[in-house]
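Remember, it's 1-based here, ligands and their atoms both numbered in the order they're listed. Side chains included, hydrogens not; waters and symmetry mates left out as well; all remaining heavy atoms used.
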Amino acid sequence: MDRRRLLQSTLALGGSALLRGIAAALRAASVDAAAAGGTTADRAGADGATGTAGAAAVEGDDRFPPDFLWGAATSAYQVEGAWQEDGRGESIWDRFAHTTGRIRNDDNGNVACDSYHRYGEDVALLRQLHLTSYRYSIAWPRIQPSGRGAANARGLDYYQRLTDALLQAGIRPLVTLYHWDLPQALEDAGGWPQRDTAERFADYVALIARALGDRVTAWCLFNEPAAFTSLGYWRGLHAPGHTDARAFLRATHVVNLAQGRAYQVLRASRPRAQIGSAFDVSPTFPASASYADLAAAERWHRFQNLWFVYPALRGHYPEGVLPPEQQPELLGWRAGDEKVMRALLDFIGLNYYSASLVSDAPEGNGVPGLNTRVQWARAPGSNARTDIGWDSYPAGLHDIVLRMADETGRLPIEITENGAACNIGPGPQGEIHDAPRIAYLQGHLRELARAIGAGAPVRAYHCWSLLDNFEWAQGYSQRFGLVYVNFADRQQRSVKDSGHWYAAVAAANQVL
Ligand code: FCB
């Protein structure tokens, strides 16, 4: 594409902001093309184009701020088990995992790590690892088995006991209100593409705020809204397993409405709460230096990284993604939605695993106007892969933290997930030498320290995950835990080398 046509198409896509984004991508691309990944200093320079220039990076200083929180994360369906206990209803993940052929080895979360019964051990492990924050989620179907109506007291009781145990251990609870386990009854009524689901979510959040808001002060409204809407409604790889791009787009809008409604309900009930969401972010790189690919990488950045952030903070969607004249119909937009989806978040949660390589796809990809082909978890110049097949790209954490700080007006940031699949099991004495996980965490924490040195307001880091657990479509085949779980023998837990190493980092407040 020549420059004139590029200019025309970029103006059509959203004008000068897009050009600024492309300029940033161009610099990043030339750095990477020149140096197969570039140097630390080159990357800091590339980030300067997004508005973070001038902040002093403290090279080589791997200490963290004095009150930094060190944590680990899990989610309800992935660790709890007890799928039919104490009045819990069916979730879309129960239904999906019980359908033959959906999950590797036909695994399911019926028992998982059995944390529903062993949460006391989990809290003791967090304490042993010197951790000061635990991110866990509430299973909506334990609270409202059919997705509506009064709260199930036995479900609430479990989360009160878990939360109290954490507080007693001096660990801050960080509660995710939705980590993908929608009550099946709500999916039967239309699921996330159906507007009423936003109201149902707000009702559920009101019940939780009342029951737990006296002791939980930090909340994530959603986990990875981009991932669960796209994998669940567009790609069909996660529950509920649909492959309908239009339903997916509507789901994104309903989730944005739900984010706003839940925020308002929680804020009204608990005015001093710290309210955020955990966004799945990935720095985007053009697959080639062509202008078409540069523009595509910028479009994908806006879709992947900003689609659930701008509605909350600014009351509108990022420009240059969907064709403006089709957008209202594609999203099911109604007058006033710009107010409903506002959520003046207190902090931004970032889940980071890897970068994305993006090419232009003029033939389309199902989402009108998006026209991208994305290689997820591929990074320029990287040849390090974790066991799940995702590239390890530590510099991407630095880059995306600075870019999101810039995009969000420098709201406080918590890293709500980051970690690696490393499937090394116990040696003869039961010890677990998972050196690749230590290398992964070390690399990423160094890059995080560098981002903080450059002025990023990061206040917490949560490793995914405390425990080996049910890794969605991959079942139990991928182990992300700092702690090994023996699924064949009573879910016994053993701290891995990486767990001991991470405990020392947390105690020292410094990368070792
Ligand atoms: C994230 C999910 C989390 C876990 C990790 C590996 O996308 O939020 O539940 O599965 O990936």
Side-chain angles (χ1 to χ4, degrees), residues 71-81 91-93 96-97 102-104 107-109 112-113 115 122 134-140 174-182 219-235 237-239 255 276-283 304-305 307-308 348-356 374 376-377 385-393 396-397 400 414-423 434 436-437 440-441 444 461-483 485 498:
T74 62
S75 86
Y77 187 73
Q78 293 178 278
V79 302
E80 284 179 359
S91 80
I92 54 174
W93 271 95
F96 193 69
R102 289 300 206 169
I103 312 287
R104 195 150 158 187
D107 288 339
N108 61 54
C113 308
S115 287
D122 296 347
Y134 182 42
R135 176 172 176 245
Y136 55 104
S137 80
I138 294 182
W140 185 350
L174 172 58
V175 167
T176 308
L177 288 156
Y178 184 82
H179 202 125
W180 304 359
D181 42 2
L182 186 72
W219 306 88
C220 291
L221 299 169
F222 280 103
N223 178 67
E224 300 201 346
F228 82 77
T229 52
S230 63
L231 293 170
Y233 290 95
W234 184 19
R235 306 293 183 196
L237 299 171
H238 279 188
V255 168
S277 249
F279 301 107
D280 40 326
V281 290
S282 177
Q304 169 72 54
N305 299 326
W307 200 250
F308 298 90
I348 294 291
L350 301 181
N351 291 5
Y352 171 72
Y353 289 93
S354 195
S356 302
V374 180
W376 150 245
R385 298 261 159 93
T386 62
D387 285 350
I388 201 169
W390 302 347
D391 281 5
S392 170
Y393 187 60
L397 179 58
I400 197 67
E414 300 209 8
I415 304 304
T416 32
E417 284 182 29
N418 172 241
C422 167
N423 298 330
D434 57 337
R437 176 174 292 103
Y440 180 100
L441 295 176
H444 284 75
Y461 174 89
H462 299 82
C463 177
W464 183 273
S465 175
L466 175 65
L467 303 169
D468 293 339
N469 60 47
F470 175 80
E471 177 45 36
W472 308 114
Q474 300 295 325
Y476 296 99
S477 69
Q478 300 301 321
R479 293 181 177 269
F480 276 88
L482 296 163
V483 175
V485 177
S498 62

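- Taking every non-hydrogen atom of Y353 and a distance limit under 4.0 Å, the qualifying atoms of ligand 1 come out as 1 (C), 5 (C), 6 (C), 11 (O).
- Shown are D468, L467, D122; of these, the side-chain contact (heavy atoms from CB on, under 4.5 Å) with V483 is made only by L467.
- Residue W472 approaches ligand 1 through these ligand atoms, each under 4.0 Å from one of its heavy atoms: 3 (C), 4 (C), 9 (O), 10 (O).
- Taking a cut-off of under 4.0 Å to the non-hydrogen atoms of F480, the atoms of ligand 1 that pass are 6 (C).
- The aromatic ring centres of F470 and Y77 sit less than 6.0 Å apart.
- Counting only non-hydrogen atoms, the option in E224, E417, E471 that gets closest to atom 7 (O) of ligand 1 is E224.
- Contact analysis puts H179 in contact with ligand 1, with a non-hydrogen atom separation below 4.0 angstrom.
- Taking both residues in full, the closest heavy atoms of R135 and T416 are given as NH1-O, 3.2 Å, listed atom of the first, atom of the second, then distance.
- Residue Q78 has at least one N or O atom closer than 3.5 Å to an N or O atom of ligand 1.
- The aromatic rings of W93 and F96 lie perpendicular to each other, with more than 60° between the two planes, well past the 30° mark.
- Using a 30° and 60° split on the angle between ring planes, Y353 and F480 fall in the perpendicular class, above 60°.
- Between W180 and H238, the angle of the ring planes lies from 30° to 60°, which puts this pair in the tilted group.
- Residue contacts with ligand 1 include N223, since one or more of its heavy atoms lies under 4.0 Å from the ligand.
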